[in-house]
Amino acid sequence: THHPEGEAPVLMQRTRGTDGHWSEPVAVSFGDPAGDADAYFQPGTDRLVFMSQRGTEPANWDIWETAWTGEGWTEARPIAAINGPGSDIYPTVAADGTIAFATTREETGGDRQIWLARPSEDGGYESGPAPGALNRDPRVSNPLIFPDGRRIIVFEIREDGQGGPDLAVSCLTATGWTAPVNLGLVVNTSAPEYAPMLDAGGEWLNFIRGDTLMQLDDTDERLAVALAEARLSRATSERDRYQALQDTGAAATARFEQA
């Protein structure tokens with residue numbers, strides 16, 4: 001499947017790996033001609049979430065789900081507790097069932113934001129914007145929430161990036177999500193990078209560069225995230241030092257380096 005910026009409907013397909021090679025993709029039974037895209041399995045389960053244009057206004061997307069029974073797919077259904085009147089796109093799921101998705105609705109003021117939908121005791125969801133600085137870019141999108149729910153990779157479009165959409169990582173802290181940190185040249189280039197996905201074992205980071213599917217093994221993925229987290233840690237330390245100097249009145253004589 002492909003990110004829904006194009007004009008043509010997108011049909012969901014699946015493929016199987018055999019002897020190190022992928023088979024030709026075939027349409028899945030729950031697909032709809034209106035257009036489906038960006039499917040993601042909840043880790044450790046047979047549950048699949050995806051986005052679809054079926055039953056919505058033109059150019060709008062909703063989040064749907066289905067599950068693999070071992071013999072076929074269950075009937076797809078929309079997740080009504082999450083979907084809003086605007087477009088809800090690119091759902092990914094943590095192991096505890098928390099769904100991260102990008103949305104544009106009245107509450108976002110026309111910007112695109114990353115929202116989190118956490119399962120509630122009544123079987124529904126409690127959803128809202130990710131707290132903290134994750135939504136600093138009004139064009140942020142394509143959230144990949146890690147299985148432990150403590151890191152999210154997104155794409156941002158920023159003047160200080162590598163060019164076009166870049167992949168960046170945000171980490172969950174006691175005060176919310178940190179501002180995303182660019183994954184650097186290990187991942188990003190002057191071409192657009194988007195649609196990040198982890199494989200079922202969490203060992204491979206897959207994403208699209210331009211119109212090409214890319215794959216990083218576990219070593220490169222961990223290196224990129226470690227570098228980003230190191231830069232984040234340094235920036236946080238510098239911020240705290242600057243705040244302490246401000247409190248003592250010595251900030252005017254100190255040089256604050258922002259990572």
Side-chain angles (χ1 to χ4, degrees), residues 1-6 17 22 37-41 43 51 89-95 98-102 112-114 116 130 132-173 176-238 257-259:
T1 63
H2 198 274
H3 192 265
E5 296 297 338
W22 290 104
D38 297 335
Y40 197 83
F41 277 104
M51 50 187 269
I89 66 172
Y90 208 85
T92 58
V93 196
T98 297
I99 299 176
F101 61 101
R112 186 183 295 144
Q113 292 184 352
I114 305 305
L116 299 175
L134 178 57
N135 287 312
R136 64 177 180 177
D137 181 354
R139 296 167 292 185
V140 66
S141 190
N142 289 197
L144 166 61
I145 189 168
F146 277 58
D148 63 5
R150 300 196 60 81
R151 287 181 292 181
I152 294 178
I153 291 178
V154 296
F155 86 53
E156 290 190 306
I157 304 174
R158 295 177 57 82
E159 292 183 359
D160 57 357
Q162 305 299 329
D166 282 344
L167 298 184
V169 63
S170 174
C171 302
L172 181 61
T173 70
W177 292 90
T178 61
V181 178
N182 192 290
L183 289 179
L185 295 176
V186 174
V187 172
N188 296 312
T189 66
S190 59
E193 280 84 21
Y194 58 99
M197 291 278 180
L198 288 177
D199 77 322
E203 297 181 352
W204 295 86
L205 174 65
N206 303 307
F207 61 97
I208 297 176
R209 175 178 295 154
D211 58 1
T212 303
L213 179 64
M214 307 294 293
Q215 189 175 67
L216 293 179
D217 66 18
D218 184 61
T219 301
D220 285 337
E221 177 204 331
R222 291 181 187 278
L223 173 61
V225 173
L227 288 172
E229 290 180 337
R231 290 195 295 272
L232 176 63
S233 176
R234 188 180 69 203
T236 302
S237 176
E238 292 290 344
E257 297 179 356
Q258 183 176 12

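For reference, positions follow the sequence shown, starting with 1.
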For this session: Mind listing the closest non-hydrogen atom pair of Gly210 and Ala191 along with its distance?
Result: N-CB, 4.5 Å
Problem set entry | Gap separating the CD atom of Gln113 from the OG atom of Ser141, nearest 0.5 angstrom | 12.0 Å
Exercise. Taking C-beta and beyond as the side chain, do Gln162 and Thr189 meet within less than 4.5 Å on heavy atoms?
Worked result: no
Seminar exercise, completed: Hits for side-chain hydrogen bond (donor to acceptor under 3.5 Å, both in side chains) against Arg150, two or more places apart or cross-chain, chain-then-number order -> none
For this session: Would you check if the side chain of Arg158 reaches a backbone N or O of Asn182 as a donor-acceptor pair within less than 3.5 Å?
Result: no
For this session: Measure the CD-CZ distance between Glu156 and Arg136 for me, rounded to the nearest 0.5 Å.
Result: 4.0 Å
Exercise. Do we see a donor-acceptor contact under 3.5 Å between the side chains of Gln215 and Asn206?
Worked result: yes
Exercise. Should Trp204 and Leu198 count as side-chain neighbours, where that means a heavy-atom distance under 4.5 Å?
Worked result: no
For this session: State whether the side chain of Asp137 and the backbone N or O of Ile157 hold a donor-acceptor pair below 3.5 Å, judged by distance alone.
Result: yes
Problem set entry | Heavy-atom side-chain proximity of Val140 to Phe155 below 4.5 angstrom | no
Problem set entry | Non-hydrogen side-chain atoms of Leu116 and Ile99 separated by less than 4.5 Å | no
For this session: Determine, step by step, whether Asn188 and Leu167 satisfy the side-chain contact (heavy atoms from CB on, under 4.5 Å) criterion, reporting the C-alpha distance in whole Å, the side-chain angles of both residues, the deciding distance to 0.1 Å, and the verdict.
Result: CA-CA 7 Å; Asn188 296 312; Leu167 298 184; 3.8 Å; yes
